[in-house]
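Here is the structure we will look at, set down as structure tokens.
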Amino acid sequence: QVQLVESGGGLVQAGGSLRLSCGATGISFGSYAMGWFRQAPGKERESVARISSRGDSIYYTDPVKGRFTISRDNAKKTVYLQMNSLKAEDTASYYCVAGGTTATLESGYWGQGTQVTVSS
């Protein structure tokens, strides 16, 4: 049984930081690309960041470049999203995703999400 569980969401002031974690069970974690997606009410779902199985290929959506950092610890079967200089526009539900490649994450496994709210 595959399960992805996100944690670390919450309420933070604009300019602050938050670190999301996603622990995986039921998969060979080191063989999977991982990523974070987000969705705010009334907005399109957006890919935030992606990281290859080895961590050697990383991609970010333009609005978060320079502010967010995706990383992974394969021994702990955990992927992280460090979010700095948060803006009100970052408010959304954030989802952890596991898939075969960074390009095909959306067809993979999804977590239940964790809420991030940035006050301005």
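Quick caveat, the model's predicted, so the values are computed rather than measured. For reference, positions follow the sequence shown, starting with 1. All values below were derived from every heavy atom in this structure, side-chain atoms included, with hydrogens, water molecules and symmetry-related copies excluded.
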(request) Check which hydrophobic residues are tied to Y95 through side-chain heavy-atom contacts below 4.5 Å, counting indirect links as well, and list them. (result) F37, V97, L105, W110
(request) Quick one: name the residues clustered hydrophobically with Y80, using the 4.5 Å side-chain heavy-atom rule over I, L, V, M, F, W, Y, and just say none if it's on its own. (result) none
(request) Could I get the full list of salt bridge (charged side-chain N to carboxylate O under 4.0 Å, His left out) partners for R38, not counting sequence neighbours? (result) E46, D90
(message) For D56, give me all partners under salt bridge (charged side-chain N to carboxylate O under 4.0 Å, His left out), at least two apart in sequence or on another chain.
(response) none
(message) Are L86 and F68 packed together at the side-chain level, in the sense that at least one heavy-atom pair is separated by less than 4.5 angstrom?
(response) yes
(message) Looking at Y60, I'd like to know if the NZ or CZ of R67 sits under 6.0 Å from its six-membered ring centre while staying within 45 degrees of the ring's axis.
(response) no
Please list, one pair per line, the donor and acceptor atoms closer than 3.5 Å that link side chains of residues 21-28 to other protein atoms, with sequence neighbours excluded.
none

Shortest non-hydrogen contact from [X] toward [Y]:
{"X": "W36", "Y": "V79", "value": "CZ2-O, 3.7 Å"}
{"X": "F29", "Y": "N74", "value": "CE2-OD1, 3.1 Å"}
{"X": "G30", "Y": "R72", "value": "CA-NH2, 4.3 Å"}
{"X": "L4", "Y": "Y109", "value": "CD1-O, 3.3 Å"}

With rounding to the nearest 0.5 angstrom, report the [atom1] to [atom2] distance, [X] to [Y].
{"X": "I58", "Y": "R50", "atom1": "CD1", "atom2": "CZ", "value": "13.0 Å"}
{"X": "T102", "Y": "Y59", "atom1": "OG1", "atom2": "OH", "value": "4.5 Å"}
{"X": "S120", "Y": "E89", "atom1": "OG", "atom2": "CD", "value": "8.5 Å"}

(message) So does V118 get a backbone contact from the side chain of T91, meaning a donor-acceptor N/O pair under 3.5 Å?
(response) yes
(message) With no hydrogens and no angle check, just 3.5 Å: does a side-chain donor-acceptor pair link S107 and T104?
(response) no
Please tabulate, for the side chains in residues 5-19, all donor-acceptor contacts under 3.5 angstrom to protein atoms that are two or more places apart in sequence or on a different chain.
from, atom 1, to, atom 2, distance (Å)
E6, OE1, Q112, N, 3.2
E6, OE1, G113, N, 3.0
E6, OE2, C96, N, 2.8
E6, OE2, G113, N, 3.1
S17, OG, N84, OD1, 2.9

